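First the proteins, then the strands, lettered A, B, ... as listed; each starts at 1. Just so you know, these numbers come straight off a predicted model, no measurement behind them.
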There are 2 protein chains.
Amino acid sequence: MSKQAMAKAVQQRTLKTRAKLLDAAQAVISESGYEAMRVEEVVLRAGVAKGTFFAHFKDKDALMDQLIGAEIDRQLDIIEALPAPKTISEMSEAMMPLITFMTCERYVFDVILRHSGAAANAEIGPIAMTFGRHAEVVTKWLWDQPFRKDISAELQAEGVQAFMVQAISLMFCSLHNSVAPRERLETYLRAWLTPAP
Amino acid sequence: MSKQAMAKAVQQRTLKTRAKLLDAAQAVISESGYEAMRVEEVVLRAGVAKGTFFAHFKDKDALMDQLIGAEIDRQLDIIEALPAPKTISEMSEAMMPLITFMTCERYVFDVILRHSGAAANAEIGPIAMTFGRHAEVVTKWLWDQPFRKDISAELQAEGVQAFMVQAISLMFCSLHNSVAPRERLETYLRAWLTPAP
DNA sequence: CATTTAAATTGACCATGGTCAATATTGGAG
DNA sequence: CTCCAATATTGACCATGGTCAATTTAAATG
């Protein structure tokens, strides 16, 4: 035995099957949206049995975690390429593409919330990772040019995240959806990042 | 026709059936927790058919909304009876019972998040109402003795809520669950309510 | 009291996510 | 090349939330 303990590596077909499933899922989503995605439909298009799906993903949510996480990562790539915002307005502007995706469907936002604090112990999923990455990006912004100096850039970044979630939550709330999300976010950020007691 | 247009009022049995369902559900939850609740089990104990359940509640989530909302209201009753906190520490202390309930099960917190921004238009559910009420309570606290004066008490209260949710979210996250939730919340609240740039 | 009609209840049925014992395939060892 | 064990795949089956046409019941009316 050469590979000792870890036995055989993953087989070729495993990767192929996984790719087929991901492609099929992405296709369904492109056509009908995230919420409308059915496992049945995905395995049908991928040409595999239902059981195979669950051999590759713990459950439907795990697939969503991966697909939505990947999309958020794409948005973060864009955000990261931007120059560090110098004003609150620029910062909220920079965050809008991400927010737009997160609010494309109520279901998507629910999945994101459900995974943002990684559920199980020691099991950090793709979406949870993107939250970590997002915090890092914002921290970097604030590092160069902090808006306030009484607290760390990390803490400021955590607050920015909390307010982003809050602003999005209220978008979906009929009590508060009269105020535009971008405006609301800016109000929060101004109060958080440039206080003047 | 005397009652014109609104026809007959709700029948007695309607209230009885609803009460039986709520009691049965509460009993199941007391024994096994929220996540373990099954509609099947509830209708069995209530002695009604499955269809009756859905004649009284739009779906399982609606029942959860009501039960969890009622429990949050009970916690808010307690909180409201307290004297207004004078320090950040007292404030976080006052909020702990509510947070304890919200974190009794991951499932409970998920339901709360899902309903905190009322889903459908013009359909404000019990949990969404409690968020409104909670904001009012906190606003009242800050009204008498505001920690900072550059922003309104209402805005401060919204921030308190955002940070409460954030602190709870991170409790469930394996990356961050090393820090005690109460400590984390106090760090947030101090930075939010007593900034010193 | 008989009649009537809106409202409440029923339960067979469906939709869909998820399981698992059986089977098939892969890739290395001899 | 053949055989073996680890791995991947299968699909019948289950669990559970949710639907709806048919039926039963409440209570107002004459």
For B/E40 and D/dG18, what is the distance between atoms CD and C1' respectively, to the nearest whole Å?
12 Å

From the set C/dT16, C/dT9, D/dT9, return the single nucleotide nearest to any side-chain atom of B/T17.
C/dT9

Do the ring planes of B/W192 and A/F163 sit parallel (below 30°), tilted (30 to 60°) or perpendicular (above 60°)?
tilted

Test salt bridge (Lys or Arg N to Asp or Glu O under 4.0 Å) applied to B/E41 - qualifying residues, sequence neighbours left out
B/R45

Testing A/H134, A/Q166, A/Q156 one by one against A/Q161 for a side chain to side chain donor-acceptor pair (under 3.5 Å), which residue passes?
A/H134

For DNA chain C, which residues of residues 48-64 of chain A approach it to below 4.0 angstrom with any heavy atom?
A/K50, A/G51, A/F54, A/D59, A/K60

Grab the NZ-P distance between B/K16 and D/dT25 for me, whole Å please.
15 Å

Which atom of B/K60 lies closest to which atom of B/F54, heavy atoms considered:
N-CE2, 4.2 Å

In whole angstrom, what separates A/K20's NZ from D/dT10's C1'?
13 Å

Rounded distance in Å - CE (B/M37) to P (D/dA15)
19 Å

Could you check whether B/T139 and B/E154, counting side-chain N and O atoms only, form a donor-acceptor pair closer than 3.5 Å?
no

Which residue, A/G47 or B/V39, contacts DNA chain D at a nucleotide closer to its 5' end, judged by nearest heavy atom?
A/G47

Nearest-neighbour nucleotide for the B/R13 side chain, D/dT9, D/dA27, C/dA7 considered:
C/dA7

Can you list the steps and then say if B/F109 with B/C104 is a side-chain contact (heavy atoms from CB on, under 4.5 Å)?
CA-CA 8 Å; B/F109 185 55; B/C104 69; over 6 Å; no

Rounded interatomic separation in angstrom, taking CZ from B/R38 and P from D/dC14:
18 Å

Please state how far atom CG in B/L15 lies from atom C1' in D/dA27, giving the value in whole angstrom units.
15 Å

In whole angstrom, what separates A/D65's CG from C/dG17's P?
17 Å

